[in-house]
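Numbers restart at 1 for each chain; the letters A, B, ... are given by sequence-line order, proteins then strands.
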2 protein chains.
Amino acid sequence: MTAETQPRRLRADAARNRRLLLDTAAATFAEYGTEVSIAEIARRAGLGKGTVFRHFANKDELIAAIVCDQLDRLSAAGTALLDAVDPTSALLEFMTLGVEVQSRDRSVCEAGVSIGVGDPGIQAATDRLFGTAEALTERARRQGGIRDDVTGQDVILLLRGAYQAAAPLARTVPELWRRYLAVIADGLLSTTAAPLPRPASTRPRPTDRNDGMPHG
Amino acid sequence: MTAETQPRRLRADAARNRRLLLDTAAATFAEYGTEVSIAEIARRAGLGKGTVFRHFANKDELIAAIVCDQLDRLSAAGTALLDAVDPTSALLEFMTLGVEVQSRDRSVCEAGVSIGVGDPGIQAATDRLFGTAEALTERARRQGGIRDDVTGQDVILLLRGAYQAAAPLARTVPELWRRYLAVIADGLLSTTAAPLPRPASTRPRPTDRNDGMPHG
DNA sequence: ACCTGAACACCGTTCAAGT
DNA sequence: ACCTGAACACCGTTCAAGT
């Protein structure tokens, strides 16, 4: 479930420290932004700052590991929604969940975008999430609830867009994203509209590698 | 037209240096990202790095000034589109233009979001842009081309969202944003859809000057 | 007024010395 | 194997000395 970049097994205390650092960093970044220093994270975790770099090659990798955790958590929530009775409203609930996750962790998510490109951990977690989203999307598509040229990847990218659209005013109007998610949802639901321009980007599906979770 | 935070008139050489720094920084940031050092910018402009801080209080303000230029440029393009014969397609063209501006200056735009909140220069330029967008939107609304609860601010924020949605894959699929802009456009065009949830955020229209509303 | 670069403070990252 | 903090390099920012 959790993204394990580590191939080897860690000594008990090291594993505990790694988890402690991840949790401390996630909480601190969420509250004060990703610009909090590594020294501060280490201090809060009660560890030396050298230890941070023993577990994560650099600050970006620490942030990446937190992002992976979030992506996997959302992926798990999506998988659970595959059992919902109404596929289309399940998909919309999934999108709502996705934006909420981002709202909770503003700065980490934003940093995640720039890091994401090129980080194999985030790539893999993203592909897993694409897979989950695709399964949800396929059900809704079969139901005829959404236009038939929409992919799971589209859904993930668009829910990111809904969040980002509202982000500049998040401080003053915290729930504005619901408005923009509604616009996007209407766009996805308009089954009568012309086909979308540009094909959806094709990325390797999680089925071809990394033993991802079974779905549908 | 251009954002003038400077109240006083600058000496000729100082004004030239300021412009030189803005252009050099814009070009360098666009190519290598906003993490390029101030020293490097100064070197490229053939000036001492102290000069950068004489014109811009800090690095964020330098980036903010570049963002203001871009916003004003887009605003000008939007104003020109007010003369177009078809209001609805003029609005869509404006949105397309808006995403293109961002694509050209990836990192500066992204940095602009986090800085934007709280920077009076960006606030003012944004309000100006909202005004332009509102004028374009109103024409389209009157024509009946788009749903009647959409504001100019919505249009700006949503075109940001379209760009951001496609941003993670911009390297590999540079034109993917067209796909997501199309989804959003369909959402805006669906005049038969239910009213949007959450009211559009009301921000001071560009008519009232920014004397800064204080908030923590 | 404006420009400059040396000097300062801070932060990410490394590494030799410790358990 | 893992932890640690002193040491290093780099960068944003300041400021006294120059034109």
Engineer: Is there a residue in residues 25-50 of chain B whose heavy atoms reach under 4.0 Å of DNA chain C, and which residues are they?
Structural biologist: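 B:Leu47, B:Gly48, B:Lys49, B:Gly50, in order of number.
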Engineer: Using distance only, find each side-chain donor-acceptor pair of residues 27-35 of chain A under 3.5 Å and give its atom names and separation, not counting sequence neighbours.
Structural biologist:
| residue | atom | partner | partner atom | Å |
| --- | --- | --- | --- | --- |
| A:Thr28 | OG1 | A:Thr24 | O | 2.6 |

Engineer: Please work out the stems of DNA chain C from pairs that are Watson-Crick or G-U wobble with both distances under 3.5 Å, keeping only runs of three or more consecutive pairs.
Structural biologist: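 For DNA chain C the paired stretches long enough to count as stems (3 pairs minimum) are C:4-8 with D:12-16, C:12-16 with D:4-8.
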Engineer: Taking only residues two or more places apart in sequence or in another chain, which ones pass side chain to side chain contact (heavy atoms under 4.5 Å, CB included) with A:Asn17?
Structural biologist: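 Result, side chain to side chain contact (heavy atoms under 4.5 Å, CB included) vs A:Asn17: A:Leu47, A:His55.
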Engineer: State which residues pass side-chain hydrogen bond (donor to acceptor under 3.5 Å, both in side chains) with A:Arg43; sequence neighbours excluded, sorted by chain then number.
Structural biologist: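 Testing A:Arg43 for side-chain hydrogen bond (donor to acceptor under 3.5 Å, both in side chains), a comparison that skips the adjacent residues, returns A:Glu40.
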Engineer: Kindly write out the residues that satisfy side chain to side chain contact (heavy atoms under 4.5 Å, CB included) with A:Ala170, not counting sequence neighbours, or none if the list is empty.
Structural biologist: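 Applying side chain to side chain contact (heavy atoms under 4.5 Å, CB included) to A:Ala170 gives none.
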Engineer: side-chain hydrogen bond (donor to acceptor under 3.5 Å, both in side chains) with B:Arg16: which residues, sequence neighbours excluded?
Structural biologist: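 Expected list: none.
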Engineer: So, are A:Arg147 and B:Asp186 salt-bridged, with charged N and O less than 4.0 Å apart?
Structural biologist: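 A salt bridge links A:Arg147 with B:Asp186.
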Engineer: With a 4.0 Å limit, can you tell me whether B:Asn17 has a side-chain N or O closer than that to the phosphate oxygens OP1/OP2 of C:dC3?
Structural biologist: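 Looking at the OP1 and OP2 atoms of C:dC3, one of them is under 4.0 Å from a side-chain N or O of B:Asn17.
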Engineer: Looking at B:His55, I'd like to know whether one of its side-chain N or O atoms comes within less than 4.0 Å of OP1 or OP2 on C:dC3.
Structural biologist: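 Answer is yes, contact under 4.0 Å.
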Engineer: Look for any protein N or O under 3.5 Å of an N or O in nucleotides 17-19 of chain D and output each such pair with its distance, or none.
Structural biologist:
none

Engineer: May I have the distance from B:Phe56 (atom CZ) to D:dC11 (atom P), rounded to whole angstrom?
Structural biologist: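 My rounded result for the distance is 20 Å.
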Engineer: Take atom CZ of B:Phe53 and atom P of D:dT14, then tell me their distance rounded to the nearest Å.
Structural biologist: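 Distance, rounded to whole Å: 7 Å.
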Engineer: In whole angstrom, give the distance that lies between atom CG of B:Leu20 and atom C1' of C:dC2.
Structural biologist: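 Checked: the CG to C1' distance equals 15 Å.
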Engineer: How many whole angstroms separate atom CG of A:Leu62 from atom P of C:dT13?
Structural biologist: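 These atoms are roughly 10 Å apart.
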Engineer: To the nearest Å, how far apart are A:Glu61 CD and C:dT13 C1'?
Structural biologist: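 In whole Å, C:dT13 C1' lies 13 Å from A:Glu61 CD.
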Engineer: If a pair satisfies salt bridge (charged side-chain N to carboxylate O under 4.0 Å, His left out) and one of its residues is in residues 74-84 of chain A, list it, with sequence neighbours excluded.
Structural biologist: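 Counting only pairs at least two positions apart or across chains, no salt bridge (charged side-chain N to carboxylate O under 4.0 Å, His left out) contact touches residues 74-84 of chain A.
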Engineer: In this structure, how many angstroms lie between the C1' atom of D:dG12 and the CG atom of B:Asn58, rounded?
Structural biologist: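 Atom-to-atom, B:Asn58 to D:dG12, this comes out as 9 Å.
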Engineer: Can you give me the closest heavy-atom contact between A:Ala162 and A:Trp177, atom names plus distance?
Structural biologist: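 Heavy atoms of A:Ala162 and A:Trp177 come nearest at O-CB, 4.1 Å.
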Engineer: List in chain and number order the residues that pass side-chain hydrogen bond (donor to acceptor under 3.5 Å, both in side chains) with B:Asp23, two or more places apart in sequence or in another chain; answer none if no residue qualifies.
Structural biologist: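 Result, side-chain hydrogen bond (donor to acceptor under 3.5 Å, both in side chains) vs B:Asp23: B:Arg19.
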Engineer: In whole angstroms, how far is the C1' atom of C:dA1 from the CG atom of B:Leu10?
Structural biologist: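 Nearest whole value for this atom pair: 10 Å.
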Engineer: Quick check for you: among C:dT4, C:dG12, D:dC2, whose closest atom lies nearest to any side-chain atom of A:Lys59?
Structural biologist: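 Of the options given, the side chain of A:Lys59 lies nearest C:dG12.
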Engineer: For residues 160-174 of chain A, pull every pair meeting salt bridge (charged side-chain N to carboxylate O under 4.0 Å, His left out), keeping only residues two or more places apart or in separate chains.
Structural biologist: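 Not a single pair qualifies under salt bridge (charged side-chain N to carboxylate O under 4.0 Å, His left out).
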Engineer: With sequence neighbours excluded, what pairs up with B:Asp119 under the side-chain hydrogen bond (donor to acceptor under 3.5 Å, both in side chains) test?
Structural biologist: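 By the side-chain hydrogen bond (donor to acceptor under 3.5 Å, both in side chains) rule, B:Asp119 matches no residue at all.
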